[in-house]
A.B. asks: 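What follows is a single structure, and I will ask about it in a moment.
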Amino acid sequence: MVELEIDGKKVEVPEGSMVMHAAEKADIYIPHFCYHKKLSIAANCRMCLVDVEKAPKPMPACATPVTQGMVVRTKSDKAIKAQKSVMEFLLINHPLDCPICDQGGECQLQDLAVGYGASGSRYGDEKRVVAPKNVGPLISMKEMTRCIHCTRCVRFGQEIAGAMELGMSNRGEHSEIETFVGQSVDSELSGNMIDICPVGALTSKPFRFSARTWELSRRKSISPHDSTGANLVVQVKNHQVMRVVPLENEAVNECWIADRDRFSYEALNGEQRLTKPMLKQDGVWREVDWQTALEHVANGLSEIRASHGAGRIGALVSPHSTLEELHLAASLVRGLGSENIDHRLRHSEFPAPEGVRWLGTSVASLSELQSVLVVGSNLRKDHPLFAQRIRQAARHGCAVAAITSRALLKTDTAWAMPLRAVQAVEAGDWAQALADVATVLAADKGVPAPVAGQATDSARALAGSLQSGERKAILLGNAAAHHAQASVLLALCQWIGEQTGATVGWLTEAANTVGAQVVHAVPGKGGLNAARMLAGDVDALLLLACEPGADSAPLQRQGCGLVVTLSPFKANLDISDVLLPIAPFTETSGTFINAEGRVQSFHAVVRPLGDTRPGWKVLRVLADLLQVVQPAFETSQEVLAHALGGSVSEFVPAARLSNRTTAAIQIRAGAVHVPPVGIYQLDGIVRRAPSLQQTADALEGASA
């Protein structure tokens, strides 16, 4: 440790730290623009100049290493004069357009200009003008004249997103930040560039000119999309969601969110929202009141139970639904006497539950891995924030290896991180590829192999990558979970993990995949799985926030007398008899359990649109009409406590989380089809977000 003095305070920091780091530890603010705690040091802006004792001139705090006994003054006349001089230079070419700038009110340059700017400028020549650029549907670069060349956006692309999509061309006052050869910015994390831009050069295209920052209320929430459980700040005006930005949580999403977390809110205000209950009568949809709709559903379910038996009633539930909705849906179906409920909409194999499948380690630990094997995943698109953490680990030497298909990997640079070893084979060959790795490990350790395999060069490379370092993980992706031999893949990974000391886990597909398992939203003994129900083996089917054909295989409606859709959108119009409008995550309170088992609850940030009602309330009332015995729940917190057995903690108890399996390792030959799921096709909200559907990823998925 190195001890130094800053503004009279003694501070100890690790050797190699910069003055800026020491100032942060001492809770002393030094003005800056280019410095960001998650990015490398560039020392471009020079706004952080400070007075270092015995130094002949002011030094940049972000790029000056600490030394033993160093004395630093951040508020001396020398430091203040230097900072004001830098501010004067920064404002020479900056346009005076604050009244029309979207960044107004939350602009770092605007704030610091108040403290360090002069009342007038000595610069009297014409200001430079930078031509606007079109880089896609999410980021606006129409006011690049405002850019102060801090290069935060450039460094973000290189270091966090993994792709250098922006760069600086030309020199001096002719320098410009731009994409090259007219390319668009296509990173799935690109919206974070808007957040870290300290001026109004990069702004949000969907939000642009919609509201002023001081008009917005800020409310916390949780992302309903992938299994990261990213923490959000939802900004609201006039009971309408206007913008979504990250809420910093180092243990989950750090200070980043994926683009689908940021821009999917557009769907919440779209024309496809369902705002009133609807019944299909004589092939025509008609709006009705809640009492009529619920009584129609209750009577229909009662008649089918009486005439065909409770075993002919089923429910398909989305793993993007809240824990409370999933629990009450399971309670309703089982209260009617059926075990037909399933959240595994895209799966091809439906083994009996052996434990709650989860990540196998903490989210934060992904950044510190020394070796990782990813099986059956398009990691960067399936889990952008997990990929970002593994990318940081790779920058520090982590050996990243993959067994996947060419369709998921696409190119050797598709994951935007170096891959130490990769085997791109058809999905039907993934189990054999793992068996080959196991064969190599068995020979190295002198133990019997779990199944016959071949010691190929690819297998040796994959096995070698897992034998380096101490912190190791084997992660099975979405495509592995959907695989027809998912249990065999897990069993082989379990054996390999035991031999190499690696943790084994599922990346888990959706915001509440873990939660759905916790509340047993899977068939009980004798119950029908999702595939059986989609094939038409039920007479009545409840669809909770899921859309057959998009979230699963299409529904074979023949013989099914009643199909009820509970959704925020006008979905399943061709297969449903009743549509019940339930609230999306912004209009209801609820809980998601992320991949590591972290329980995160949230509140509604706006009131329900039209006659929309929280899903848990609709299911509770429907259960009452059907005379299903249940507690008289008044709040979602009461439902949560009931679902988790009365004790609500931050994490699901470790005893309930398990990736161990007793499945026999029997590799079946033959083709296996795993339908690809695009990054912006994951759930009903992102599918209806106009800006996301105009991105290169969405358009590529539509043409595939």
Side-chain angles (χ1 to χ4, degrees), residues 272 274 277-288 292-319 321 329-330 332-350 482 484 521-567 569-582 618-619 622 626 672-675 677 681 683-684 687:
Q272 294 188 51
L274 178 66
M278 299 179 74
L279 294 181
K280 186 188 286 183
Q281 298 174 333
D282 299 324
V284 179
W285 284 103
R286 292 185 172 86
E287 294 182 349
V288 297
T292 302
L294 290 173
E295 287 181 354
H296 181 88
V297 174
N299 292 336
L301 292 175
S302 296
E303 290 174 7
I304 289 171
R305 179 170 60 167
S307 58
H308 300 286
R312 300 296 295 179
I313 298 173
L316 293 174
V317 295
S318 169
S321 300
L332 172 61
V333 171
R334 293 193 168 102
L336 292 172
S338 173
E339 287 291 341
N340 305 332
I341 183 169
D342 209 345
H343 73 278
R344 300 167 296 179
L345 305 178
R346 294 188 173 102
H347 288 219
S348 301
E349 185 190 52
F350 302 92
H482 303 159
V522 291
K525 186 176 181 180
L528 301 179
N529 59 45
R532 293 279 303 278
M533 286 186 272
L534 288 165
D537 286 357
V538 289
D539 291 311
L541 187 61
L542 300 177
L543 300 174
L544 176 60
C546 66
E547 302 170 38
D551 292 321
S552 65
L555 172 64
Q556 306 301 317
R557 175 66 199 264
Q558 70 275 5
C560 190
L562 178 67
V563 176
V564 181
T565 292
L566 295 87
S567 173
F569 304 103
K570 295 175 183 175
N572 304 330
L573 293 175
D574 56 334
I575 58 173
S576 298
D577 301 295
V578 186
L579 298 180
L580 301 179
I582 62 171
V618 175
L619 291 164
L622 191 55
L626 288 163
V672 174
H673 177 60
V674 181
V677 181
Q681 296 297 318
D683 59 76
R687 286 195 292 268

A.B. asks: What's the spacing between Lys570 NZ and Leu274 CG if we round to 0.5 Å?
C.D. replies: 7.0 Å
A.B. asks: So does Arg344 get a backbone contact from the side chain of Asp342, meaning a donor-acceptor N/O pair under 3.5 Å?
C.D. replies: yes
A.B. asks: Return yes if some donor-acceptor pair links the side-chain N/O of Ser318 with the main-chain N/O of Leu544 below 3.5 Å, else return no.
C.D. replies: no
A.B. asks: For Arg312, what residues pass the salt bridge (charged side-chain N to carboxylate O under 4.0 Å, His left out) criterion, not counting sequence neighbours?
C.D. replies: Asp539
A.B. asks: Might you point out which heavy atoms bring Gln281 and Arg286 nearest each other, and give the distance in Å?
C.D. replies: O-NH1, 3.2 Å
A.B. asks: What residues form a side-chain hydrogen bond (donor to acceptor under 3.5 Å, both in side chains) with Ser302, not counting sequence neighbours?
C.D. replies: none
A.B. asks: Please report the interatomic distance OG(Ser321) to CG(Leu566), rounded to the nearest 0.5 Å.
C.D. replies: 9.0 Å
A.B. asks: Can you tell me if Asn572 uses its side chain to pair, donor with acceptor, with the backbone of Leu579 under 3.5 Å?
C.D. replies: no
A.B. asks: Report the residues that fulfil side-chain hydrogen bond (donor to acceptor under 3.5 Å, both in side chains) with Arg532, sequence neighbours left out, ordered by chain and then residue number.
C.D. replies: Asp537
A.B. asks: Can you name the nearest heavy-atom pair linking Arg346 to Gln681, along with the distance?
C.D. replies: NH2-O, 3.7 Å
A.B. asks: Flag the pair Pro548 / Leu534 as yes when at least one side-chain heavy-atom distance between them is below 4.5 Å, and no otherwise.
C.D. replies: yes
A.B. asks: Going from CG on Leu316 to NE2 on His343, what distance comes out if it is rounded to the nearest 0.5 angstrom?
C.D. replies: 11.5 Å
A.B. asks: Can I get a per-line list of side-chain donor-acceptor pairs under 3.5 Å for residues 293-300, giving both atom names and the distance, sequence neighbours left out?
C.D. replies:
{"from": "Glu295", "atom 1": "OE2", "to": "Gln291", "atom 2": "NE2", "distance (Å)": "2.6"}
{"from": "Asn299", "atom 1": "ND2", "to": "Glu295", "atom 2": "O", "distance (Å)": "3.1"}

A.B. asks: Check for a donor-acceptor pair, side chain of Asn340 on one end and backbone N or O of Gly314 on the other, with a separation under 3.5 Å.
C.D. replies: no
A.B. asks: For Ala310, is there any backbone N or O sitting under 3.5 Å from a side-chain donor or acceptor partner on Arg305?
C.D. replies: no
A.B. asks: Counting N and O atoms only, with roles assigned by atom type, does the side chain of Ser338 sit under 3.5 Å from a partner on the main chain of Ile313, one being a donor and the other an acceptor?
C.D. replies: yes
A.B. asks: Which atoms form the tightest heavy-atom contact between Ala571 and Thr565, and what is the distance?
C.D. replies: O-CG2, 4.1 Å
A.B. asks: Drop me the distance from Ser567's OG to Glu547's CD, to the nearest 0.5 angstrom.
C.D. replies: 5.5 Å
A.B. asks: May I have all residue pairs that pass side-chain hydrogen bond (donor to acceptor under 3.5 Å, both in side chains) and include part of residues 553-562, sequence neighbours excluded?
C.D. replies: Arg557-Asp577
A.B. asks: Measuring from Leu345:CG to Asn529:CG, what's the distance to the nearest 0.5 Å?
C.D. replies: 11.0 Å
A.B. asks: Among all residues two or more places apart in sequence or in another chain, which pass the side-chain hydrogen bond (donor to acceptor under 3.5 Å, both in side chains) test with Gln272?
C.D. replies: Arg688
A.B. asks: Start with the C-alpha gap between Ile304 and Val538, add the side-chain angles, then the distance that decides, and say whether side chain to side chain contact (heavy atoms under 4.5 Å, CB included) holds.
C.D. replies: CA-CA 10 Å; Ile304 289 171; Val538 289; over 6 Å; no
A.B. asks: Hey, does Leu332 have a side-chain heavy atom less than 4.5 Å from the side chain of Leu542?
C.D. replies: yes
A.B. asks: At what distance, to the nearest 0.5 angstrom, does NE2 of His347 lie from NE2 of His482?
C.D. replies: 5.0 Å
A.B. asks: Could you tell me whether the side chain of Lys280 and the main chain of Leu573 form a donor-acceptor pair under 3.5 Å?
C.D. replies: yes
A.B. asks: Do Ile575 and Leu541 touch side chain to side chain, with heavy atoms closer than 4.5 Å?
C.D. replies: no
A.B. asks: Check whether any side-chain N or O of Glu339 sits under 3.5 Å from a backbone N or O of Gly527 as a donor-acceptor pair, and report yes or no.
C.D. replies: no
